[in-house]
Amino acid sequence: MNPAPSELRFGAYAIDCVITAVMSLLICLALARPVTPVRFLSTWSLISWIYWTMFEGIYGESPGKRVFGLKVVNEEGEAVSLPEAAIRNVSKALPVVCYVDGALILLTESRQRAFDLLAGTFVVTSG
């Protein structure tokens, strides 16, 4: 397996964050007025976990990962299951943990986050 370069993972993450932030803002505007920071961050946390879990668990990649030619696989190099995707994305529902977890990419040879290690998953380049 060829671990995805950190800069590609960051680019994919940035795209997905914009998408999830817009989705969360639209949901907040539709359901809750006024939109407070707490409501927005709570909604964004939940939407982020659902978004990444569903895209990676069903398609093996998020839209951001697709743009950069990345995919998520398990230790056997196969597509991840929904439970594996759910575990690896727990940190997406916890904003502070997410950034600490993401920093671990720089410290592991296989460029895995803590929740990747826990789920037995990797982000690799496609092809």
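None of the values given here were measured: they were computed from a predicted structure.
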Quiz item: Residues two or more places apart in sequence or in another chain: which of them pass salt bridge (charged side-chain N to carboxylate O under 4.0 Å, His left out) with Arg9?
Solution: Asp116
Quiz item: What pairs of residues pass the salt bridge (charged side-chain N to carboxylate O under 4.0 Å, His left out) test when at least one of them lies in residues 48-64, not counting sequence neighbours?
Solution: Glu56-Lys65, Glu56-Arg88, Glu61-Arg66
Quiz item: What distance do Ile47 atom CD1 and Leu26 atom CG have between them, rounded to the nearest 0.5 Å?
Solution: 10.5 Å
Quiz prompt | N/O donor-acceptor pair under 3.5 Å between Ser24 side chain and Phe40 backbone | solution = no
Practice problem: Can you measure from OG (Ser81) to CD1 (Ile58) and round to the nearest 0.5 angstrom? | Solution: 11.5 Å
Quiz prompt | Closest non-hydrogen atom pair between Ala85 and Val80, with its separation | solution = CB-CG2, 4.2 Å
Quiz item: So do Ser42 and Val38 actually touch side chain to side chain, heavy atoms under 4.5 Å?
Solution: yes
Quiz item: Taking C-beta and beyond as the side chain, do Ser45 and Lys92 meet within less than 4.5 Å on heavy atoms?
Solution: no
Quiz item: Would you call Pro3 and Val124 a side-chain contact if the rule is heavy atoms closer than 4.5 Å?
Solution: no
Quiz item: Once you round to the nearest 0.5 Å, how far does CG of Leu31 lie from OG1 of Thr43?
Solution: 8.0 Å
Self-check item: Tyr13 with Ile50, same ILVMFWY side-chain cluster at under 4.5 Å
Solution: yes
Self-check item: Same apolar cluster (I L V M F W Y, side chains within < 4.5 Å links), Phe55/Met23
Solution: yes
Quiz item: Stepwise, does the side-chain contact (heavy atoms from CB on, under 4.5 Å) test hold for Leu70 with Leu8?
Solution: CA-CA 8 Å; Leu70 307 177; Leu8 295 184; 4.1 Å; yes
Exercise. Please check if Leu41 and Leu29 belong to a single hydrophobic cluster, counting links between Ile, Leu, Val, Met, Phe, Trp and Tyr side chain heavy atoms closer than 4.5 Å.
Key: yes
Quiz item: So, for Cys28 and Arg39, which heavy atoms are closest and what is the spacing to 0.1 Å?
Solution: SG-O, 3.7 Å
Practice problem: Say whether Thr125 and Asn2, considering side chains only, have a donor N or O and an acceptor N or O under 3.5 Å apart. | Solution: yes
Quiz prompt | Same cluster (ILVMFWY, side-chain, under 4.5 Å), Val67 and Phe10 | solution = no
Quiz item: Taking it one step at a time, do Met54 and Leu82 satisfy side-chain contact (heavy atoms from CB on, under 4.5 Å)?
Solution: CA-CA 7 Å; Met54 297 306 290; Leu82 276 172; 4.2 Å; yes
Quiz item: If every non-hydrogen atom of Asn74 is compared with every non-hydrogen atom of Ala79, which pair is closest and at what distance?
Solution: ND2-O, 3.8 Å
Quiz item: Checking side chain to side chain donor-acceptor pair (under 3.5 Å) for the pair Ser62/Asp16: CA distance, chi angles, key distance, verdict?
Solution: CA-CA 7 Å; Ser62 64; Asp16 291 325; 2.5 Å; yes
Quiz item: Under 4.5 Å between any side-chain heavy atoms of Val72 and Phe122, yes or no?
Solution: no
Quiz item: From Leu46 CG over to Ile27 CD1, what is the distance, rounded to the nearest 0.5 angstrom?
Solution: 8.0 Å
Self-check item: Nearest-0.5 Å distance that lies between atom CD in Gln112 and atom OG1 in Thr121
Solution: 6.5 Å
Quiz item: Hey, are the side chains of Trp44 and Cys17 touching, using non-hydrogen atoms and a 4.5 Å cut-off?
Solution: yes
Quiz item: Between Trp49 and Ala86, what is the shortest heavy-atom contact and its length?
Solution: NE1-O, 3.2 Å
